[in-house]
Amino acid sequence: MTELRLENINLRIGNKTIIEDLNLKIESKDFFVFLGPSGCGKTTTLRIIAGLVQQTSGDVIVDGNVINDLSPSKRELSLVFQDYALYPHKTVFENIAFPLRIAHTERQQIIDKVKEVSSFLAIEHILGKKPSNISGGERQRVAIARALVKNPKLLLMDEPLSNLDAKLRDTVRFELKKIHNETGITTVYVTHDQLEAMTLGTKVAVMNGGKLIQMGPPMNVFEQPVNSFVASFIGSPPMNILSAPETLKGVGAESGSIGVRPRAVAVTHDAKGEEYIELTGKIEGINLLGNEALVLMRINGESLYFSVRREQFDQIAEGKMKTVYVEKNRVYLFDETGQANGRLKAEDYAKTEIFGS
Amino acid sequence: MNNIGKSLLWYIAMIIVSIFVLFPLYLIMIIALAPSGEIFNSSPVLIPSTITFSRFFLVIAVYDFMPHLILSLETAFLVSGICLLFGIPGAYAISKMPKRLGYSIIIFLFVTQMVPEIVIAVPIARTMLILGLYNTAFGIALAQSSIALPMITYVLVGTFKSVPSRLSESAQIDGASKLQAFYSIDLPLALTGIYVAVILAWLFSWDEFVLASIIAPLHTTLPVLIYYEITRGVGGVQAADAFSIILMIPVIVLVLVLQRYLKSNVFAGALK
């Protein structure tokens, strides 16, 4: 079982800082997800762990050993690339067998191991085909099989689902979870999709601009974002950040901004008085999604998106003024710089593991 | 327009292009094969009444053909070999360099081409004399490689650049050293370009005249021999014509053999 630490990792290219002072610990059996918008340094961090990119300073430590100077081939880890990087001139069997052949594994053992991993991933029937003759989903499984076959210390994955269509993505997401549960392999996963981070990760690290912004179990990050960036990045639809002075005054906040998750908004008042805030605006658009609708409301020049359940569709109409209600302890407060500042009515605002500021 | 109309137009275009390319070759064939009376008059025929292979036999018998053929083949294969031996590692290295550096090196490689061949041919011949390579296939091949190698390297740089670097990275993650990644991934995937390079180097040497004539004036290659024999007037124009056809045969064979390896979609299925 493997534990990975990054200590004071910096990467500068020319005078541009790509990664700034990254410190984190990935524990054995973690499914650790780097989450962030494109260009935030998450894939670069993964490539530093893999040894494909050399950091300017800092240490990559696996089980207490500094591996900065080890070439990728000596690091005993696997990487599933975003675009799979299958060897087009080799059959699926030979693609999966490649790490074993390089390691001079015995012939019979190669056959056994490839069979084992391919039956685990249900790709036994395509072993004889070339990568050009299989579907995108199958290519992805082949890439995962090739990554697993050598029992790596660490499994790295770089946005492995981004090239699959939406339906397949749901299936494979469940399978990745299953693979992790069954192999127990320490996994580092990079994605820009908060849904993947929430569902797969045992821990999530949110990055932005080359810095680690927040790290912790996904639900903690969701419940207690350290700033408005994390708040609006995690959760779908994203959290509304409102900062118009009239709005703030109306709900009793002093300055900065408030954050409201779309599903925290209620369209009817259950007579709980001061436990609620009221927001009034004009409904500008309604997207019907089946069991719920996503509604866009303009409040003091800002947009508020919120969800309405099917039973309450009659409460909303496009072009009409409407007052909506949000429980006070579900209204997040942020200061002028966007840092989290508790809630309108804090009840269980526990401390989360917070890195950076 | 419907599909049949489209493919009909396509075939017509292909036929026109084929005629354009093949008709001169046909004329060369006719001149070599037809009786001289039907060619050298005011209205030469397009389809001769009889054909004769006598000029081919004349060329092979009178011109002392075989030793020169062997020398030409030897030289052409040596040039291909030298170009691959140095061109593949050189081109691979250049393809992995930062763009500017790689580009500068390629420009630098072509410096030899800026000087007219005939100017450097004499000093090269002198050097070959000193090295004992004058009048040898290896001597000609070395000299010809000075021209062919930059060209081949350039072609191979393009080839290696087209192999996604993601694949050799993946091989390294899989445990391969850089060298293993090179010969198990990059090299097989660059094969199409390498075959093209072989054809180019081989053809260059097969046709090359200036260097061959100065470095091996006595025991020389076929293009130089044909020039000597035409200027001497042996067998007339039709014999020289037959000679040109013989000169073409190995080229056709080489291209036919290698063309089935020229695949256009080697990277299908690699990425995404």
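All chains are named by letter (A, B, ...) in the order of the sequence lines, taking the proteins before the strands, and each is independently numbered beginning at 1.
No more than 12 heavy atoms of other residues, nucleotides or ligands sit less than 6.0 Å from atom NZ of A/K74. Atom CE of B/M29 has 12 or fewer neighbouring heavy atoms from other residues, nucleotides or ligands inside a 6.0 Å radius. For A/F174, the CZ atom is loosely surrounded, since the number of other residues' heavy atoms within 6.0 Å does not exceed 12. The local environment of CD1 in B/I12 is crowded, with over 12 non-hydrogen atoms from other residues, nucleotides or ligands closer than 6.0 Å. With a 6.0 Å radius and a threshold of 12 heavy atoms from other residues, nucleotides or ligands, B/F110 has its CZ atom above the threshold. Environment of OH in B/Y154: sparse, with no more than 12 heavy atoms of neighbouring residues, nucleotides or ligands closer than 6.0 Å. More than 12 heavy atoms of other residues, nucleotides or ligands lie within 6.0 Å of CD in A/E182, so this atom counts as buried by the packing criterion. Within 6.0 Å of atom CD in B/Q113, more than 12 heavy atoms from other residues, nucleotides or ligands are found, so the atom counts as buried in its surroundings.
Residue B/A181: no heavy atom, backbone or side chain, is found under 4.5 Å from chain A. Heavy-atom distances place the side chain of A/K90, and not its backbone, under 4.5 Å from chain B.
Interatomic distance, CZ of A/R146 versus CG of B/D174, reported as 5.0 Å (0.5 Å rounding). If you take CD1 on A/I102 and CD on B/Q172, they are separated by 10.5 Å, rounding to the nearest 0.5 Å.
If you tally non-hydrogen atom pairs under 4.5 Å between each of A/K150, A/Q140, A/R75, A/R101 and chain B, the highest count goes to A/K150. The candidate from A/S132, A/A147, A/P152 with the greatest count of non-hydrogen atom pairs under 4.5 Å with chain B is A/S132.
Side-chain contact check for B/I185 versus A/H89: some heavy-atom pair is nearer than 4.5 Å. Considering only heavy atoms from C-beta on, A/P88 comes within 4.5 Å of B/L189 through its side chain. Inter-residue side-chain proximity for A/Y87 and B/S170 is flagged as met; some heavy-atom pair is nearer than 4.5 Å. Taking 4.5 Å as the limit, some side-chain heavy atom of B/S184 sits within range of a side-chain heavy atom of A/F98. You'll find the side chain of B/E169 reaches within 4.5 Å of the side chain of A/F81, heavy atoms only.
For B/F138, there are no ring pair (Phe, Tyr, Trp, His ring centres under 6.0 Å) partners at least two apart in sequence or on another chain.
Heavy-atom neighbours of chain B within the stretch residues 43-52 of chain A, taken at a separation under 4.5 angstrom, comprise A/R47, A/A50, A/L52.
The two residues A/S73 and B/A176 have their closest heavy-atom pair at CB-O, 3.2 Å.
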